[in-house]
Amino acid sequence: MPQLECHSSVNGMIPRATLLSASAFVALCLASCGGIPANLTTQEIEKAVRSVRGDMFDAEREAAAAEVTAIKVAGWETEALGAAGNGVEAMSSQWTATLRFLEPIGFVLVQVDGTKVVRVVAAKGDEIAFSGRAHALKVNSAWQVSAMADTDGDGPYKGLWAKAGADNGGKITMGYQVIENGLSVSGAGRGSYFQPLSRLQPCVVEGSKEDQALASKIQERQQKDAEAAAARAKEKQDAAQAALREQQEAKAKADAERAEQQRLAAEAQQQQVEEQQRKAAAARHEQLLPLLAPLQSPHGAVITTDAPAAMATVLLQIEVDAPNLTAKGKAIELRTMPFREVAFEAKVDTRTGVLTFQPAGGEAIAFGIARGAVASRAGHTLAALGDAVRPQVDAVVALGMRLQSAAPVELKVETFDAAEAKAREPQLATAAMSGTEFFRGKIAPTLAPMFAGALTVNKGYAWKGGEVVSIRLAEPTKGAGIYLRGAGLPTDNLVVTINGVHRVVVTSIVKAGGALLTLPPDLEVFDVRFEAQGSTQVRAIALVTGAK
């Protein structure tokens, strides 16, 4: 370790350019003026470097294979230890050093006929950087020095581990395979993972010409062994064939006769099985035909849940393929406006006995026979349209198609605060909106009082967050407007849609206020949806017929 010289100041003054910190100054004097012995520090750092293995390279055991160089010690710093004046001093310092390999370092991949194939992870002259901390303790004028190296994970040997292939998913096992005369006879332990090549002799480096020659030698020997084995196998095969030929010729005639008998028996059995299958398929077909019966009605069919046929899915154009238990056609969904016409396909699964109705772009419905009806577990019922119901359905379809084909009209919205609503409501002539009420897509008769036309009721109805309240009137009705009577909480962003075409947004109704939607005099109201974008609370929704 290079020694630092102590310099005295002139006239007791220290030049500004040479000012040092207190700890650096103490370290400087200790290292150069009879302080901590540099050779002892160097020995301890070298020992610390060599003691770091990381289960890879044992530098302490392989002392001749590597040397410790470039040892550098930072300034010594005083540590608090013991009471003042007890004769004990403690110092510590950071240090760095380099481990230089004096010969190549590697590990064994495999041993073949006494020669090891090795992978080199460090060449001669390669270096590994180490760092750590040294501690010095002075007791009764004698210095004791120790040093420890910094390690984390694979430590300084991490680079060797990467060259070994560990960073690409490889793994060095604790032992390696030993092959003699082309056969794997045993395994050998490694000791340290990496070792100097001088300890691995005789060896060849992976990928070298010697390694390629060794591989060629092994391949050549394996090829000769395979050819010899093939020749022996052929001799045995020829002998076996000669011995069996007479048996085969004698057996051939008996086998042919037996095969013919079996063929005739199999044909008879196959005919019997096919006949049974045909009868079973015919019986199964007859058993499943009732699933298609509603679709074979001359008046069409209807899929209903909780609403009547006028608000169901009506199948008016149907083509039934009874032999294949399939059907296709077009249907009209009447539950909401605008009415939607969709193509559909239906097929009976002969294995499960289920009729699957699949509308284009919609969810499939699985029907089965339950108590004589074609129904699904979700409550859908597939039934034929009667000759009395078909005209009613045709009338609803024609009406809906006419109303939803109208050009959208602009609906005026007038809102009132609580005082204005209280003054205005007695002047409105209102009527009930009679029909079928829905909430969240299901029939909700409990909402009938809200549409009864009475503006004096105090019960509030609330829905929010995309929920929909709708009503399908028993028949189209004209009026001057639709009045929404507010409740105890305000309403914001309520979307009102008439006949699936005419749309207006009621941005707000204050607490106990109201909103009046003015209707064109020729507008026929048949289907009204109230979709809450925010929060909605009303006490009544009434059809305004005029002024009192």
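These numbers were taken from a predicted model, which means no experiment stands behind them.
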Just do the side chain to side chain contact (heavy atoms under 4.5 Å, CB included) check on H502 and L523 with the steps written out, would you? CA-CA 10 Å; H502 314 292; L523 177 63; 3.5 Å; yes

Working to the nearest 0.5 angstrom, can you tell me the gap between [X] [atom1] and [Y] [atom2]?
{"X": "K548", "Y": "E425", "atom1": "NZ", "atom2": "CD", "answer": "10.0 Å"}
{"X": "L516", "Y": "F416", "atom1": "CG", "atom2": "CZ", "answer": "5.0 Å"}
{"X": "L385", "Y": "L315", "atom1": "CG", "atom2": "CG", "answer": "8.5 Å"}
{"X": "L355", "Y": "L325", "atom1": "CG", "atom2": "CG", "answer": "9.5 Å"}
{"X": "I105", "Y": "D126", "atom1": "CD1", "atom2": "CG", "answer": "9.5 Å"}
{"X": "T336", "Y": "M311", "atom1": "OG1", "atom2": "CE", "answer": "11.5 Å"}

Heavy-atom side-chain proximity of [X] to [Y] below 4.5 angstrom:
{"X": "I443", "Y": "E437", "value": "no"}
{"X": "F107", "Y": "V121", "value": "yes"}
{"X": "L517", "Y": "L484", "value": "yes"}
{"X": "K478", "Y": "V525", "value": "no"}
{"X": "Y176", "Y": "V110", "value": "no"}
{"X": "T518", "Y": "L411", "value": "no"}
{"X": "V52", "Y": "V49", "value": "no"}
{"X": "T356", "Y": "K347", "value": "no"}

Looking only at side chains, do E274 and Q270 share a donor and an acceptor under 3.5 Å apart?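 Yes, because at least one side-chain N or O of E274 sits under 3.5 Å from a partner of the opposite role on Q270.
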
For S508 and D492, test the side chains for any donor-to-acceptor distance below 3.5 angstrom and give the result as yes or no.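 Absent: no donor and acceptor within the cut-off.
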
Look at the side chain of [X] and the backbone N and O of [Y], then say whether any donor-acceptor pair between them is shorter than 3.5 Å.
{"X": "S376", "Y": "H380", "result": "yes"}
{"X": "H135", "Y": "M148", "result": "no"}
{"X": "T536", "Y": "A532", "result": "no"}
{"X": "Q195", "Y": "R190", "result": "yes"}
{"X": "R539", "Y": "G460", "result": "no"}
{"X": "E333", "Y": "T313", "result": "no"}
{"X": "R529", "Y": "G500", "result": "no"}
{"X": "N324", "Y": "T326", "result": "no"}
{"X": "Q404", "Y": "F339", "result": "yes"}
{"X": "R485", "Y": "A540", "result": "no"}

Salt bridge flag under 4.0 Å for residues [X] and [Y]:
{"X": "E524", "Y": "R402", "answer": "yes"}
{"X": "E531", "Y": "K464", "answer": "no"}
{"X": "E467", "Y": "R440", "answer": "yes"}
{"X": "K328", "Y": "E345", "answer": "no"}
{"X": "R258", "Y": "D255", "answer": "yes"}

More than 12 heavy atoms of other residues, nucleotides or ligands under 6.0 Å from [atom1] of [X]: yes or no?
{"X": "E475", "atom1": "CD", "value": "no"}
{"X": "Q287", "atom1": "CD", "value": "yes"}
{"X": "R377", "atom1": "CZ", "value": "no"}
{"X": "E267", "atom1": "CD", "value": "yes"}
{"X": "E410", "atom1": "CD", "value": "no"}

Minimum-distance pair of heavy atoms, taken over all atoms of [X] and [Y]:
{"X": "V320", "Y": "L295", "result": "CG2-O, 3.5 Å"}
{"X": "N499", "Y": "M337", "result": "O-CE, 3.5 Å"}
{"X": "A59", "Y": "Y157", "result": "CB-OH, 4.0 Å"}
{"X": "A418", "Y": "K511", "result": "CB-O, 3.8 Å"}
{"X": "A542", "Y": "G453", "result": "CB-CA, 3.8 Å"}
{"X": "P449", "Y": "Y461", "result": "CB-OH, 3.4 Å"}

I would like to know whether L473 and M433 meet side chain to side chain contact (heavy atoms under 4.5 Å, CB included); could you show each step before the answer? CA-CA 7 Å; L473 274 64; M433 300 175 70; 4.2 Å; yes

Show the numbers, then the answer: is there a side chain to side chain contact (heavy atoms under 4.5 Å, CB included) between F438 and V469? CA-CA 6 Å; F438 294 89; V469 169; over 6 Å; no

D306: which residues meet the side chain to side chain donor-acceptor pair (under 3.5 Å) condition with it, sequence neighbours left out?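 Expected list: R335.
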
Have a look at I498 and tell me which of V504, D527, I482 forms a side chain to side chain contact (heavy atoms under 4.5 Å, CB included) with it.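 That would be I482; it is the only one of V504, D527, I482 passing the side chain to side chain contact (heavy atoms under 4.5 Å, CB included) with I498.
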
So F530 and F451, would you call those rings parallel, tilted or perpendicular, with 30° and 60° as cut-offs?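 Answer is tilted, since the angle falls between 30° and 60°.
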
Mutual orientation of the aromatic rings belonging to Y193 and W161 [parallel < 30°, tilted 30-60°, perpendicular > 60°]: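 Aromatic pair Y193/W161 classed perpendicular.
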
Show, in sequence, the C-alpha distance, side-chain angles and deciding distance for Q533 and V495, and conclude whether the side chain to side chain contact (heavy atoms under 4.5 Å, CB included) test is met. CA-CA 7 Å; Q533 297 288 323; V495 180; 3.5 Å; yes

